[in-house]
Every structure is written in structure tokens, then in C-alpha cells.
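Order of appearance sets the numbers: ligands from 1, and atoms from 1 within every ligand.
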Amino acid sequence: MPARLGQHFLKRGSILAKIAAAACPSREPLVIEIGAGRGALTGELLGRSERLVAIEADKALAEHLRERFPGAENLTVIHADVLSVDLAQWGPAVVAGNLPYYITSPILRQTLELGALLKRAVFLVQKEVAQRLTAGPGSRDYGLLTVITQLRADVQVLFTVPPAAFSPRPKVESAVVVLTPKPEQSGPMLSEPGFVEFLGLCFRQKRKTLRNNLKGVYELRLLDRLAAAGRRAEQQSIGELFALYQQLKAAKS
Ligand code: SAM
């Protein structure tokens, strides 16, 4: 089968066990698995959680999951597109999954939006995405996905996974990442409602200066007074972007 719905199934048991152990170092009250597929990771997570909610978009696979774990009272299988599911409905959760790569970014955003309800997230993603998630300012991989993720979570790359660990083999290397949410009270950036939108504006066109990306929203004479506006977002740390946001906000009000 071609990579329909990003269907590359993990077949190496040692890797599945390591992902489950990272998601649930001890028994967890609630785990949400995204893209449960044929249940390879589901089986590992079941033994480590009081309740497991497995979300799968492919109807045949969702049915297969129900049949594969017939007596598992702690398993709820949901046949749905994960992006249409309210992940907050079950309360505080660990989120895990070997993600369908074609929607990695929206899934990351959706997961991080859980805020205080997210205990931790452990995802298998494209290695290139893992590099973007951990990049620092000035590097080629640093962009909007980086800052939006690092704003809310500390990111750690646990290990890489070769294409041979999957069936069918993907064309790219993969990596397991752990996202540990920052406490909600850890800084003013997290509680500033307009900041994520501001970050979106800053990275609108990566090669342009902040001045050029922001000029439709803020007055040019204001932007021209600020040295940071002459730089590109990709060269700025999140703290520096937040300082610029605060200066512009103060000048506007
Ligand atoms: N967890 C399995 C494993 O490790 O072998 C399968 C992982 S496979 C990379 C991704 C899975 O996500 C597939 O089973 C696919 O059908 C499912 N999927 C794709 N798009 C989805 C979506 N929008 N919502 C939920 N599941 C989705």
C-alpha cells in the first residue's frame, strides 16, 4: 500500500517498548494515542495505563483495533480524524503516537494547546521535524514550528529510528521526541494571548526582516525606531521576540 494516511507501521518491538516507556515511565491514569494503526504501540501502552484512548482515522483499522483487544476494558477506540477531536475532554493526559507525518505540525499545535492538561507528549516524527523542534536561533531549522513548540514545552530527542524499522519503509529517517510542558505560571510569554499570533506574523516570510513582516499591522515609524525590527525572526530567540512584542504593544496602547 502506498503511504496512504501516513501509514507506516512500526514493526520493531524494542522501539515500541522504548516509546511506551518514555510515555509512561510509571503507570499513567490516562493516555491518548494518536494514529493507533494496527495496534503495535497500543498493546505496549495498554499495559502501562489505567485508561487508553486510541484515535484512528482509518475505519478498517479502527475496527481491527477493537477486534485485536477484545477484553481490554481500559481501551476506548475512536474512529475519527484526530484534528476534529477535543483532546481536552478526558482531563489531564499523556499523549503519544507514531504520527502520520502529513499532519505532524497541526497535531503538535493541537497537543500543545492542551496547556495544563498535557502531562507529556511522546511522538515519533520525521527526523527533520525533530531537528526543527530543537533548533536554536540562526540555524536553518529554526522557524515558526520551533518557537511555538519551545514556547510551551521543553523538547528532547530521545533516539532516531531507521526506515527499516517500519513496514512499508518511509523514505526518511525518524526520531522520537519528548515534549515536557512548561508550567503555565513559568513566564509572562505563556499567558500573553496575542503572542502566538505575533509569532505567526514574525515568521510570515522567513527571508524578510521583522519590519517587513510586521509593517501591515504596526506603523512603520514605530518599527523604524526599534533596532530588532531590522533583523529577521529566524535570528531572534523567543525572549527577544517577546521583548519586541512588548515594546510594540506598549507603543500601540
Ligand atoms: N501506531 C501505528 C504504528 O506505530 O505502527 C501506526 C502509525 S502510522 C505512522 C500513522 C497512523 O495514523 C495510521 O494508522 C493512519 O491511518 C493514522 N492516521 C492518519 N491520519 C490520521 C488522522 N487525521 N487522525 C487519526 N489517525 C490518523
| With a 4.5 Å heavy-atom cut-off, do E234 and S139 have their side chains touching? | no

| query | Is there side-chain contact between F123 and V95, with at least one heavy-atom pair below 4.5 Å? | reply | yes

| query | How about F195 and F242: are their ring centroids closer than 6.0 Å? | reply | yes

| Axial cation check for F159 ring with K18, 6.0 Å and 45° limits | yes

| query | Got F203 and N213 here, is their nearest side-chain heavy-atom distance under 4.5 Å? | reply | no

| Sidechain N-carboxylate O distance under 4.0 Å for R120, E28 | yes

| request: Give the protein residues with at least one non-hydrogen atom closer than 4.0 Å to an atom of ligand 1, ordered by chain and number. | output: L5, G6, Q7, H8, F9, L10, E33, G35, A36, G37, E56, A57, D58, L61, A80, D81, V82, N98, L99, P100, Y102, I103

